[in-house]
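Numbered from 1 within each chain, the chains take letters A, B, ... in sequence-line order. Computed over heavy atoms, backbone and side chain alike; hydrogens, waters and symmetry mates excluded.
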Number of protein chains: 2
Amino acid sequence: MKKISDFNGVCDTDCPVARANDIIGGKWTTLIIRDLLSGKKRYSELARSLAGISPRMLAARLDMLCGAGLVAKTVYPTVPPKTEYELTDAGKRIEPVIAAMAEFGSKLR
Amino acid sequence: MKKISDFNGVCDTDCPVARANDIIGGKWTTLIIRDLLSGKKRYSELARSLAGISPRMLAARLDMLCGAGLVAKTVYPTVPPKTEYELTDAGKRIEPVIAAMAEFGSKLR
DNA sequence: CAGTATCCCGCGAGATACTG
DNA sequence: CAGTATCTCGCGGGATACTG
């Protein structure tokens with residue numbers, strides 16, 4: 001088990017915590033990941049679950065996550081169209097982060 | 001052990017993940033917490049470790065964390081002045097989040 | 001259904017100078 | 001040393017309308 005102090009100190013260029021924050025730091029990213037943790041989801045399912053997100057934002061974050069290799073997108077060229085998003089193996093490594101955040105957040109007054 | 005799926009679903013009003021994100025979602029917050037995890041720190045120590053942060057930002061984030069009850073501030077009315085910041089018990093509950101982020105971030109290409 | 005296309009706005013954040 | 005005081009700005013993000 002890695003000690004937290006292993007990650008302490010100056011980290012201007014490449015701190016693991018900073019890099020993680022660059023990915024999941026956005027307003028919606030963690031919520032999208034949370035939704036995808038329970039399995040493959042369609043665009044409209046995510047839009048419904050993430051009440052309040054604009055289509056533009058949802059598309060942008062999903063695009064970023066795909067680009068980072070954390071989410072995979074499958075497009076079915078049917079009419080009407082259907083796309084599905086799911087976490088890649090790399091993306092599933094975010095689960096402990098979300099779980100820890102949920103645990104912390106639930107204890108917040 | 002809580003299952004991650006317990007945190008899934010619509011969460012417009014009060015999702016634990018969203019609440020945690022509101023706290024640690026900022027650009028510098030996680031890095032400040034990371035530094036404080038190894039113990040009490042002075043303002044200037046933090047400023048040095050967090051290379052690039054402006055005094056205004058550092059003060060603002062520390063103030064927010066104090067307001068949230070996650071960080072405690074001690075001022076020694078000496079000349080020159082000396083202040084120390086440390087995590088409260090509530091603040092220490094963020095450690096698992098930072099640890100998970102570090103773990104995830106270190107595996108990111 | 002699954003997005004784009006536009007337009008717009010506020011706030012997070014940076015830079016610099018100054019002070020108790 | 002430990003901060004404020006100003007000024008500035010980019011971009012994350014929101015709203016709405018439209019389309020393959």
Side-chain angles (χ1 to χ4, degrees), chain A residues 11-13 15 17-36 39-68 71-86, chain B residues 11-13 15 17-36 39-68 71-86:
Chain A
C11 68
D12 31 318
T13 45
C15 165
V17 178
R19 283 195 293 163
N21 198 40
D22 283 343
I23 297 283
I24 64 165
K27 178 175 178 181
W28 295 101
T29 315
T30 50
L31 303 177
I32 293 173
I33 303 285
R34 170 184 52 81
D35 279 4
L36 291 179
K40 205 176 287 197
K41 291 282 157 54
R42 300 182 61 167
Y43 178 91
S44 56
E45 288 184 281
L46 293 170
R48 212 173 319 114
S49 176
L50 304 164
I53 196 173
S54 68
R56 171 185 168 75
M57 234 331 105
L58 181 52
R61 304 280 64 156
L62 286 171
D63 206 46
M64 180 275 286
L65 289 169
C66 287
V71 165
K73 175 181 185 174
T74 312
V75 180
Y76 301 91
T78 58
V79 177
K82 174 178 174 181
T83 62
E84 285 183 329
Y85 295 91
E86 63 183 322
Chain B
C11 66
D12 29 319
T13 44
C15 166
V17 178
R19 282 194 293 164
N21 198 41
D22 283 344
I23 298 282
I24 63 165
K27 180 176 177 181
W28 295 102
T29 315
T30 50
L31 303 177
I32 292 173
I33 303 286
R34 169 184 53 80
D35 279 4
L36 291 179
K40 205 176 286 199
K41 291 282 156 55
R42 301 181 61 166
Y43 179 91
S44 56
E45 289 184 281
L46 292 170
R48 213 173 319 113
S49 175
L50 302 164
I53 197 173
S54 69
R56 172 183 168 75
M57 230 337 100
L58 180 52
R61 303 281 63 160
L62 286 170
D63 205 47
M64 181 274 287
L65 289 168
C66 287
V71 165
K73 174 180 185 173
T74 311
V75 180
Y76 301 91
T78 58
V79 177
K82 173 178 174 180
T83 61
E84 286 182 328
Y85 296 92
E86 63 182 322

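- The shortest distance between the side-chain N/O atoms of B:Ser44 and the OP1/OP2 oxygens of D:dA2 is below 4.0 Å.
- Rounded to an integer number of Å, the gap from B:Met57 CE to D:dT8 P is 18 Å.
- Summarising the geometry of B:Arg34 relative to A:Val17, their closest heavy-atom pair is CD-CG2, 3.9 Å, with the distance given to 0.1 Å.
- When the side-chain nitrogen and oxygen atoms of B:Lys27 are compared with OP1 and OP2 of D:dG12, none of them lie within a distance under 4.0 Å.
- At whole-Å resolution of the value, OH in B:Tyr43 and C1' in D:dC1 are 10 Å apart.
- For the pair B:Tyr43 (side chain) and B:Pro55 (backbone), a donor-acceptor distance under 3.5 Å is present.
- Rounded to an integer number of Å, the gap from CG of A:Asp22 to C1' of D:dC11 is 15 Å.
- Atom CG of A:Leu62 is separated from atom C1' of C:dT4 by 15 Å (rounded to the nearest Å).
- Of the candidates D:dA2, D:dG14, C:dA2, the closest approach to any side-chain atom of A:Pro81 belongs to C:dA2.
- The side chain of B:Pro80 lies closest to D:dC1 when the candidates are D:dG13, C:dG3, D:dC1.
- Put simply, CD1 on A:Ile53 is 14 Å from C1' on C:dA2, counting in whole angstrom units.
- Distance alone, capped at 3.5 Å, is enough to place a donor-acceptor pair between the A:Lys41 side chain and the A:Asp35 backbone.
- Here the shortest heavy-atom pairing between B:Ala68 and B:Ile23 reads CB-CD1, 4.1 Å.
- B:Tyr85 comes within 4.0 angstrom of sugar-phosphate atoms only, judged by non-hydrogen atoms across all strands, and of no base.
- Listed here is the closest heavy atom pair of A:Cys66 and A:Lys73: SG-CB, 4.0 Å.
- Considering only side-chain atoms of A:Trp28, the nucleotide from D:dG13, C:dG3, C:dT16 that sits closest is D:dG13.
- Proximity of B:Ser54 to the phosphate of C:dT16: no side-chain N or O atom is located under 4.0 Å from OP1 or OP2.
- Atom CG of B:Leu50 is separated from atom P of C:dA13 by 13 Å (rounded to the nearest Å).
- Summary of the strand contacts: B:Glu45 and B:Arg56 both lie near DNA chain D, and taking for each the nucleotide with the nearest heavy atom, the more 5' one is attributed to B:Glu45.
- Regarding B:Leu46, its CG atom lies at a distance of 13 Å from the C1' atom of D:dG3, rounded to whole Å.
- Pair assignment for D:dG20: C:dC1, on the basis of Watson-Crick or G-U wobble contacts that are both within less than 3.5 Å.
- B:Leu58 places its CG atom 11 Å from the P atom of C:dG14, with the value rounded to the nearest Å.
- At a threshold of 4.0 angstrom between heavy atoms, the contacts of B:Arg42 are confined to the sugar-phosphate backbone, with no base atom among them.
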